[in-house]
Amino acid sequence: MRTWTEHPAKADVEAVVRRYFSLLRAGRIPEAEQLIDHSPVRHVLKSLWTGSVEASADGNEASRSPAADEWEQDLSWLGELNLADFHWGDTGSHFYVEITYRAQIIEVALSFWVKPVDASWVIAGPGTLW
């Protein structure tokens with residue numbers, strides 16, 4: 001897990017989140033989880049799936065009745081997600097990141113926070129915002 005001895009700068013935190021997201025997109029889930037104090041990844045992936053692929057399914061795709069766990073069986077859809085804008089709260093510790101799917105901002109965003117742990121600081125999250 002990435003740690004800092006002082007409260008990290010926003011640019012440093014954003015760089016770690018970008019690295020985290022690039023690992024997710026590549027399907028390297030265990031490596032991504034190691035960068036931050038992580039929430040359950042299954043919840044995060046399911047939310048991203050629901051907010052992107054499932055939400056954009058047209059009538060033909062919706063009628064084919066995909067398996068309930070299809071999103072877990074083939075993670076290639078992650079490659080079509082990207083980070084958009086970072087939105088920081090007033091304290092400089094909480095922020096969320098907008099996500100795009102096929103260049104369109106989706107309804108789910110990922111929230112993170114910088115929190116003190118022992119004598120250091122870590123990034124915790126992500127939570128999902130709808």
Side-chain angles (χ1 to χ4, degrees):
M1 183 174 349
R2 176 66 168 99
T3 61
W4 293 268
T5 56
E6 297 178 353
H7 195 286
K10 289 179 183 177
D12 293 335
V13 171
E14 289 179 10
V16 171
V17 170
R18 288 181 195 290
R19 175 71 180 140
Y20 163 80
F21 200 75
S22 71
L23 290 169
L24 271 187
R25 289 185 66 219
R28 296 165 56 187
I29 309 302
E31 289 176 67
E33 289 178 298
Q34 296 302 311
L35 287 177
I36 60 177
D37 183 3
H38 210 284
S39 300
V41 74
R42 189 172 196 280
H43 168 75
V44 172
L45 294 176
K46 175 65 173 160
S47 295
L48 290 172
W49 166 267
T50 301
S52 60
V53 179
E54 193 172 273
S56 70
D58 65 25
N60 292 336
E61 290 177 297
S63 67
R64 69 178 176 87
S65 301
D69 64 350
E70 179 180 351
W71 62 273
E72 286 182 292
Q73 304 305 316
D74 177 6
L75 296 177
S76 63
W77 58 274
L78 284 169
E80 297 196 58
L81 298 177
N82 282 299
L83 295 178
D85 294 330
F86 284 73
H87 299 274
W88 285 85
D90 294 336
T91 65
S93 292
H94 293 80
F95 63 98
Y96 71 92
V97 185
E98 293 175 316
I99 308 295
T100 64
Y101 175 70
R102 296 181 177 169
Q104 298 294 315
I105 292 178
I106 63 174
E107 290 186 20
V108 65
L110 298 180
S111 67
F112 299 86
W113 62 100
V114 179
K115 71 175 190 176
V117 176
D118 298 324
S120 61
W121 295 84
V122 299
I123 303 170
T128 52
L129 302 175
W130 290 87

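Residues: numbered from 1 along the sequence shown. Quick caveat, the model's predicted, so the values are computed rather than measured. In what follows, every heavy atom counts, from backbone to side chain, and hydrogens, waters and symmetry copies are set aside.
Taking the side chain as every heavy atom from C-beta outward, Met1 and Asp37 approach each other to under 4.5 Å. Counting heavy atoms from C-beta on, the side chains of His7 and Ser93 come closer than 4.5 Å. Counting heavy atoms from C-beta on, the side chains of Ser111 and Phe95 never come closer than 4.5 Å. Residues Glu54 and Lys46 have side chains in contact (heavy-atom distance under 4.5 Å, counting atoms from C-beta outward). Between Trp121 and Thr3, every side-chain heavy-atom pair lies at or beyond the 4.5 Å cut-off.
The heavy-atom pair separating Ser39 from Pro126 by the smallest distance is OG-O, 3.2 Å. Of all heavy-atom pairs between Gly92 and Lys10, the closest is CA-CE, 4.4 Å. Contact record, Trp130 with Gly51: CH2-N, 3.7 Å, taken as the closest heavy-atom pair.
Tyr96 and Val122 fall into different hydrophobic clusters, defined by Ile, Leu, Val, Met, Phe, Trp and Tyr side-chain heavy atoms under 4.5 Å apart, directly or through other members. In the hydrophobic cluster analysis, where Ile, Leu, Val, Met, Phe, Trp and Tyr join through side-chain heavy atoms closer than 4.5 angstrom, Leu23 is grouped together with Trp77. Under a hydrophobic clustering in which Ile, Leu, Val, Met, Phe, Trp and Tyr are joined whenever their side-chain heavy atoms come within less than 4.5 Å, directly or via other members, Val117 and Val114 fall into different clusters. Residues Leu110 and Leu45 are members of one and the same hydrophobic cluster, defined by side-chain heavy-atom contacts under 4.5 angstrom among Ile, Leu, Val, Met, Phe, Trp and Tyr. No continuous path of hydrophobic side-chain contacts links Val97 to Ile105 [ILVMFWY only; heavy atoms under 4.5 Å].
Remark: Leu35 CG to Ser22 OG distance equals 8.5 Å, nearest 0.5 Å. Once rounded to the nearest 0.5 Å, the distance linking OG1 of Thr128 with CG of Leu48 reads 8.0 Å. The structure places CD1 of Ile29 at 8.0 Å from NE2 of His38, a figure rounded to the nearest 0.5 Å. Distance check, rounded to the nearest 0.5 Å: CG of Asp12 to CH2 of Trp4 gives 6.5 Å. Note that CZ of Arg19 is 11.0 Å distant from CG of Leu24, once rounded to the nearest 0.5 Å.
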Evaluate side-chain hydrogen bond (donor to acceptor under 3.5 Å, both in side chains) for Ser120 paired with Asp118, printing each intermediate quantity in order.
CA-CA 6 Å; Ser120 61; Asp118 298 324; 5.9 Å; no
Counting only pairs under 3.5 Å, give me each side-chain donor-acceptor contact of residues 80-90, with atom names and distances, residues two or more places apart or in other chains.
| residue | atom | partner | partner atom | Å |
| --- | --- | --- | --- | --- |
| Glu80 | OE1 | Arg102 | NE | 2.5 |
| Glu80 | OE2 | Arg102 | NH2 | 3.3 |
| Asn82 | OD1 | Arg25 | NH1 | 3.4 |
| His87 | NE2 | Glu98 | OE1 | 3.4 |
| Trp88 | NE1 | Glu14 | OE2 | 2.7 |

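Below 30°, between 30° and 60°, or above 60°: for Phe112 and Tyr20 the angle between ring planes is above 60°, a perpendicular geometry.
Not one N or O on the side chain of Thr50 forms a donor-acceptor pair closer than 3.5 Å with the backbone of Ser47.
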